[in-house]
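FYI, the numbering just counts along the sequence from 1.
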Amino acid sequence: MFHLDLAPADPILGLTETFNADTHPDKINLGVGVYQDANGRTPVLAAVKQAETLLLETETSKGYLPIPGVPEIASYTQELLFGEQHAIIEQARAKTAQTPGGTGALRVAADFLKRAKPNATLWLSDPSWTNHHTIFQAAGFSVQSYRYYDKISQGLDAEGLVADLERTSKGDIVILHGCCHNPSGIDLNKEAWETIASQAKVKELVCLVDFAYQGFGDGLEKDREGLHVLLDAGLAVLVASSFSKNFGLYNERVGAITIVEETENDATNTFSHIQAAIRAIYSSPPAHGGNVVATILGNASLRDLWIKELGEMRTRISTMRQAFVQQMAVRQQVVDFDFINHQKGMFSFSGLTQEQVLKLREDNHIYIVGSGRINVAGITPSNIEPLCDAVARVL
């Protein structure tokens with residue numbers, strides 16, 4: 001009927017399918033963006049297990065959730081983003097809806113923004129998460145890139161970023177990674193956030209903050225400092241949150257979309273259009289994951305346990321970063337990998353070329369995204385030595 005060509009495989013999920021089909025016993029997956037523990041497993045957090053036990057004992061209905069999802073998700077998400085009793089919360093200038101994961105939050109934002117800003121251009125960092133392009137192009141946006149990663153310094157291209165944002169038009173939309181930039185691991189410093197806020201103010205840009213990794217960089221409060229620079233500048237901001245990573249709830253699909261406006265009335269009016277976008281996409285989100293998050297954040301002991309477990313995940317990733325750099329320094333002097341120690345979160349731009357990535361896959365069954373992005377959480381005490389041996393050979 002349709003006579004279509006085969007659609008291209010997703011560069012990340014397709015890589016996972018190839019990895020799963022590989023029968024080699026010592027294969028290593030550094031591609032897919034999920035947390036893994038020291039044994040190479042994606043664990044269910046103890047706080048999640050305990051919350052699920054409570055839910056199993058107390059749940060009385062499987063009825064539909066309202067369009068914004070589990071009611072408590074809104075207040076708890078805002079406390080994570082802004083801090084308890086923040087003026088934005090007290091003045092009711094923020095409205096939040098639960099979504100099916102961070103991807104769902106971005107799609108809701110895309111559909112809403114296309115209605116609200118039909119002629120705007122959307123600006124993404126170069127590079128950015130590959131699905132950003134797909135989501136916003138599917139919503140009908142013209143997508144442009146602003147410079148972000150400097151291949152020579154292997155750091156932030158601050159001058160290029162500022163120059164490219166100068167090319168934006170009034171009312172354009174800019175996507176910013178709240179922390180733990182995917183795929184580079186290079187975060188904006190406070191000066192860069194302030195410069196972006198100043199430009200956004202002048203050009204009335206809409207800032208959409210993709211906050212997929214809160215707590216994986218420097219902690220829940222430190223990771224939101226960039227967002228607060230935008231808020232302190234008085235900008236209208238949207239935030240796409242994900243609870244997949246920091247709660248380990250990958251397959252439960254829990255996220256949130258938050259709008260911050262100048263007044264409570266503006267927030268209420270804008271949120272009505274966000275709810276209209278949700279209604280047209282999926283009507284209401286799944287309940288279980290949202291109830292798990294709400295149960296944990298609403299219970300003091302479970303919240304403390306979750307924060308402890310989140311800290312342990314963050315520490316393990318940091319430890320693997322340092323170990324990789326040290327192991328590579330022992331094996332070769334061709335490349336100084338110290339730049340990896342200055343990146344944050346789950347991902348790192350390794351500097352490996354596509355040719356080197358393919359050779360690692362063919363010769364050593366090591367799976368890395370073609371851009372050279374590695375999932376640092378996929379490095380374990382048992383695979384780090386064969387990994388570093390193989391990387392040293394392809395340099």
The ring-ring contact (aromatic ring centres under 6.0 Å, His included) partners of Y367 (sequence neighbours excluded) come to F19

For [X] and [Y], work out which heavy atoms get closest and say how close.
{"X": "P381", "Y": "R316", "answer": "CD-NH1, 4.3 Å"}
{"X": "K245", "Y": "M313", "answer": "O-CE, 4.0 Å"}
{"X": "A280", "Y": "R115", "answer": "CB-NH2, 4.0 Å"}
{"X": "G40", "Y": "T380", "answer": "N-CG2, 3.9 Å"}
{"X": "F243", "Y": "A256", "answer": "CE1-CB, 4.5 Å"}
{"X": "F141", "Y": "I173", "answer": "CE2-CD1, 3.5 Å"}

task = Before giving the answer on side chain to side chain contact (heavy atoms under 4.5 Å, CB included), spell out for Y282 and T99 the whole-Å C-alpha distance, their side-chain angles and the decisive distance to 0.1 Å.
result = CA-CA 9 Å; Y282 56 84; T99 60; 3.5 Å; yes

Quick check: does any side chain N or O of [X] sit under 3.5 Å from a backbone N or O of [Y], one acting as donor and the other as acceptor?
{"X": "Y146", "Y": "R167", "value": "no"}
{"X": "Q137", "Y": "S142", "value": "no"}
{"X": "D223", "Y": "C179", "value": "no"}
{"X": "E261", "Y": "T263", "value": "no"}
{"X": "S169", "Y": "D172", "value": "no"}
{"X": "N39", "Y": "R41", "value": "no"}
{"X": "K203", "Y": "T168", "value": "yes"}
{"X": "S198", "Y": "E194", "value": "no"}
{"X": "N364", "Y": "I366", "value": "no"}
{"X": "Q98", "Y": "P286", "value": "yes"}

Taking only distance into account, with no hydrogens and no angle test, what donor-acceptor pairs under 3.5 Å do side-chain atoms of residues 233-242 form with protein atoms, sequence neighbours excluded?
unit_1, atom_1, unit_2, atom_2, d
S242, OG, S244, N, 3.1
S242, OG, S244, OG, 3.4

For a quick check under 3.5 Å, do [X] and [Y] share a side-chain donor-acceptor pair by atom type?
{"X": "S301", "Y": "D304", "value": "no"}
{"X": "H288", "Y": "E52", "value": "yes"}
{"X": "H181", "Y": "S184", "value": "yes"}
{"X": "Q144", "Y": "T121", "value": "no"}

Determine whether more than 12 heavy atoms belonging to other residues, nucleotides or ligands lie under 6.0 Å from atom [atom1] of [X].
{"X": "E262", "atom1": "CD", "value": "no"}
{"X": "I152", "atom1": "CD1", "value": "no"}
{"X": "E221", "atom1": "CD", "value": "no"}
{"X": "Q354", "atom1": "CD", "value": "no"}
{"X": "K359", "atom1": "NZ", "value": "no"}

| said: Determine whether L188 and L161 satisfy the following criterion, side chain to side chain contact (heavy atoms under 4.5 Å, CB included), listing intermediate values before the conclusion. | reply: CA-CA 11 Å; L188 298 167; L161 186 157; 3.8 Å; yes

*asked:* If you apply the rule side chain to side chain contact (heavy atoms under 4.5 Å, CB included), what do you find for V335 with M328, and how did you get there?
replied: CA-CA 8 Å; V335 178; M328 291 308 302; over 6 Å; no

Exercise for review: Provide the full list of salt bridge (Lys or Arg N to Asp or Glu O under 4.0 Å) pairs with a residue in residues 65-81, sequence neighbours left out, each pair given once.
Suggested key: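 Qualifying pairs, neighbours excluded: none.
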
Side-chain heavy atoms of [X] within contact of [Y], under 4.5 Å:
{"X": "Q214", "Y": "L80", "result": "yes"}
{"X": "L231", "Y": "F82", "result": "yes"}
{"X": "I274", "Y": "V108", "result": "yes"}
{"X": "L176", "Y": "W123", "result": "no"}
{"X": "W306", "Y": "L297", "result": "yes"}
{"X": "L310", "Y": "F216", "result": "yes"}
{"X": "Q327", "Y": "D389", "result": "no"}
{"X": "Y213", "Y": "R314", "result": "no"}

So that I can tick it off, tell me whether [Y] and [X] are bridged by a salt bridge, with the cut-off set at under 4.0 angstrom between side-chain N and carboxylate O.
{"X": "K114", "Y": "D111", "result": "no"}
{"X": "R93", "Y": "E90", "result": "no"}
{"X": "D126", "Y": "R147", "result": "no"}

Under the salt bridge (charged side-chain N to carboxylate O under 4.0 Å, His left out) rule, collect the residues that match up with [X], sequence neighbours excluded.
{"X": "K117", "result": "none"}
{"X": "K49", "result": "none"}
{"X": "E312", "result": "K308"}
{"X": "K95", "result": "none"}

Just jot down the side-chain hydrogen bond (donor to acceptor under 3.5 Å, both in side chains) partners of [X], sequence neighbours excluded, or say none.
{"X": "S348", "answer": "Q343"}
{"X": "S283", "answer": "R279"}
{"X": "D210", "answer": "H132"}
{"X": "D232", "answer": "none"}

Those residues at least two apart in sequence (or on a different chain) that pass side chain to side chain contact (heavy atoms under 4.5 Å, CB included) with S75 are none

Please report the C-alpha distance between Q154 and H342 in whole Å, then the side-chain angles of each, then the deciding distance to 0.1 Å, and finally whether the side chain to side chain donor-acceptor pair (under 3.5 Å) criterion is met.
CA-CA 10 Å; Q154 293 168 319; H342 304 286; over 6 Å; no

Item to complete: Determine, step by step, whether V293 and F247 satisfy the side chain to side chain contact (heavy atoms under 4.5 Å, CB included) criterion, reporting the C-alpha distance in whole Å, the side-chain angles of both residues, the deciding distance to 0.1 Å, and the verdict.
Response: CA-CA 8 Å; V293 172; F247 282 84; 4.0 Å; yes

Plane angle bin for H365 and H24 - parallel if under 30°, tilted between 30 and 60°, otherwise perpendicular: parallel

From the list N182, T130, L352, I368, side chain to side chain contact (heavy atoms under 4.5 Å, CB included) with R373 holds only for N182

